[in-house]
Number of protein chains: 2
Amino acid sequence: MAPARTPGSTAARKGRLSRELVLAKALELVDAEGLDALTMRRLGQELGRDPMSLYRYAENRAALLDGVTELVLNQLSIQPKDPDWKAQLRHIAHSLRSLALQHPNVVPLLVTRPLSTPLGMRPLGTLRPLEQILSLLIEAGFAPPDALHVYRAYYGFLYGHILNELQEFVVDPEENEALLRLGLHRLPPREFPRLRSLGPDLATYDGSAELDQGLSILLSGLESQLSVHAG
Amino acid sequence: MAPARTPGSTAARKGRLSRELVLAKALELVDAEGLDALTMRRLGQELGRDPMSLYRYAENRAALLDGVTELVLNQLSIQPKDPDWKAQLRHIAHSLRSLALQHPNVVPLLVTRPLSTPLGMRPLGTLRPLEQILSLLIEAGFAPPDALHVYRAYYGFLYGHILNELQEFVVDPEENEALLRLGLHRLPPREFPRLRSLGPDLATYDGSAELDQGLSILLSGLESQLSVHAG
DNA sequence: CGCGTACAGTCTACACTGTAGATAGGCGTC
DNA sequence: GACGCCTATCTACAGTGTAGACTGTACGCG
């Protein structure tokens, strides 16, 4: 008999399991079929293993979700030494935006998990960007408390933008305008005149440009308000 | 026998059920014990009714959640005729912030549900703020597409701020600093020097002031960039 | 060689979830 | 009284996370 036995459906079993393997498959599954599809049983099947084996690599389902967010956030590369802090923050923002567009189903985790976990108990991978951005700003000459202010305004805006953009995001670009109009058509004209008439503008949303524009305003505003002492 | 029969545990049955009653109890439950506590069975018990009766007032559990978000957002009062649009946006922002602080467990719904629902299919209550803010801005002299830009930057920032603030929010103000420090202490000093040393500043976060500050920057920036033609 | 121990993976079982479908109770109208 | 309608209940089912006991295999040590 051939050594390939595929007891599950999709995946043959290959060697030993590992946390990396488990998390990678989990992310794959979430990307493909959404958060609800990520059940222990399903993930086990996808790996060709008993669901219970997963508990060796993640204490909980919750911990598994944390692992997935960590996996995504680890793809964010930050240069805390960049002397041009504004350019660096712009770069980070666009990276995070594109990560979010690549893994839209993970975004709810990104924004939601920290709400139920005190700062100090979060997975380290999710705190690293915070640390690095603080470092970047302090290195650039901000007093540490001001760096915190800047970080909050910046990251707040960034997360907000991402949420906003994903809300208007429709998967199939062909049906985009049609679906949108269809949706809008259902709204009572009396109550929603503005929204209905903005249909075309909604359909031609350029998220990247809008992010950039908002950042320009915010960053230069912050800069002039909290004077940077050349480091 | 007295007419009061309390088959569940907490709530006596009073008259007929209604959507309002169901949603109110649902919100109450979520506020008190979090989203996970809101199961059909539990809510039924809380109302002294069979869980199945709820399906008459909400098609789904998902629809129930939508109803709860609607209930919260309906408490947001917006004056679309206010000629001072900046003051009005400030006011809305603070109202939404305080709603979020009052119902922190609902916030994940607020930011998450729209991600899985195309714009036109959302509960009308959740679209009303959008419509009204657009109205406010157009009335104030913005060209409709510019109004959309302003709305996006504004609402994005606002949601981002709320998420940020709730992440740092700790329920018991007594334990606040202690817990925070405790949490921070667990971080490897080598990797997280900045974050650790900012502990005290994290503990004295004034969300309202920071929101205001960010709004000042953003709104005046937007105003000067997209010239308002006096209406 | 043989034995012991550690650990990856499995099996079974339990309490709990959302909800489809059939069933009962109470009301107004003919 | 008989009918139909609407609300609420009951029963049942497939699916969930996970505790606890169990099996197998690999490896070091005598």
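So you know, we letter chains A, B, ... as the sequences are listed, proteins then strands, and number each from 1.
- The backbone N or O of A:Gln88 sits nowhere less than 3.5 Å from a side-chain atom of A:Gln79 that would complete a donor-acceptor pair.
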- Evaluate the criterion side-chain contact (heavy atoms from CB on, under 4.5 Å) for residue pair A:Val30 and A:His103; output intermediate values, then yes/no. CA-CA 8 Å; A:Val30 170; A:His103 307 284; over 6 Å; no

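- Not one side-chain nitrogen or oxygen of A:Ser53 sits closer than 4.0 Å to the OP1 or OP2 atom of C:dA8.
- A straight line from CG of B:Leu38 to P of C:dT17 spans 11 Å, rounded to a whole angstrom.
- Rounded to a whole Å, the CZ atom of B:Arg16 is 16 Å from the C1' atom of D:dT9.
- Classification of the B:His161-B:Phe157 ring pair by plane angle, with boundaries at 30° and 60°, yields tilted.
- When the C1' atom of C:dA8 is taken as reference, atom CZ of A:Arg19 falls 17 Å away, rounded to whole Å.
- Between the CG atom of A:Leu54 and the P atom of C:dC11 there is a distance of 14 Å, rounded to whole Å.
- Between A:Tyr151 and A:Tyr155, the ring planes lie parallel to each other; the angle is under 30°, not in the 30° to 60° tilted range.
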Could you list, one pair per line, each protein nitrogen or oxygen that sits under 3.5 Å from a nitrogen or oxygen of nucleotides 18-21 of chain D, together with the distance?
from, atom 1, to, atom 2, distance (Å)
D:dT18, OP1, A:Asn60, OD1, 3.4
D:dT18, OP2, A:Tyr55, OH, 2.9
D:dT18, OP2, A:Arg61, N, 2.9
D:dT18, O5', A:Tyr55, OH, 3.4

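- The distance from atom CG of B:Asp50 to atom C1' of C:dG21 is 14 Å, rounded to the nearest whole Å.
- In this structure, B:Glu131 does not pair ionically with A:Arg196, as no charged nitrogen and carboxylate oxygen lie closer than 4.0 Å.
- Rounded to whole angstrom, the span from the CG atom of A:Leu21 across to the C1' atom of C:dA8 amounts to 14 Å.
- Taking both residues in full, the closest heavy atoms of A:Pro104 and A:Leu166 are given as CB-CD2, 4.0 Å, listed atom of the first, atom of the second, then distance.
- Here the C1' atom of nucleotide C:dG9 and the CG atom of A:Leu43 are 15 Å apart, to the nearest Å.
- Rounded to whole angstrom, the span from the CG atom of B:Leu35 across to the C1' atom of C:dT17 amounts to 15 Å.
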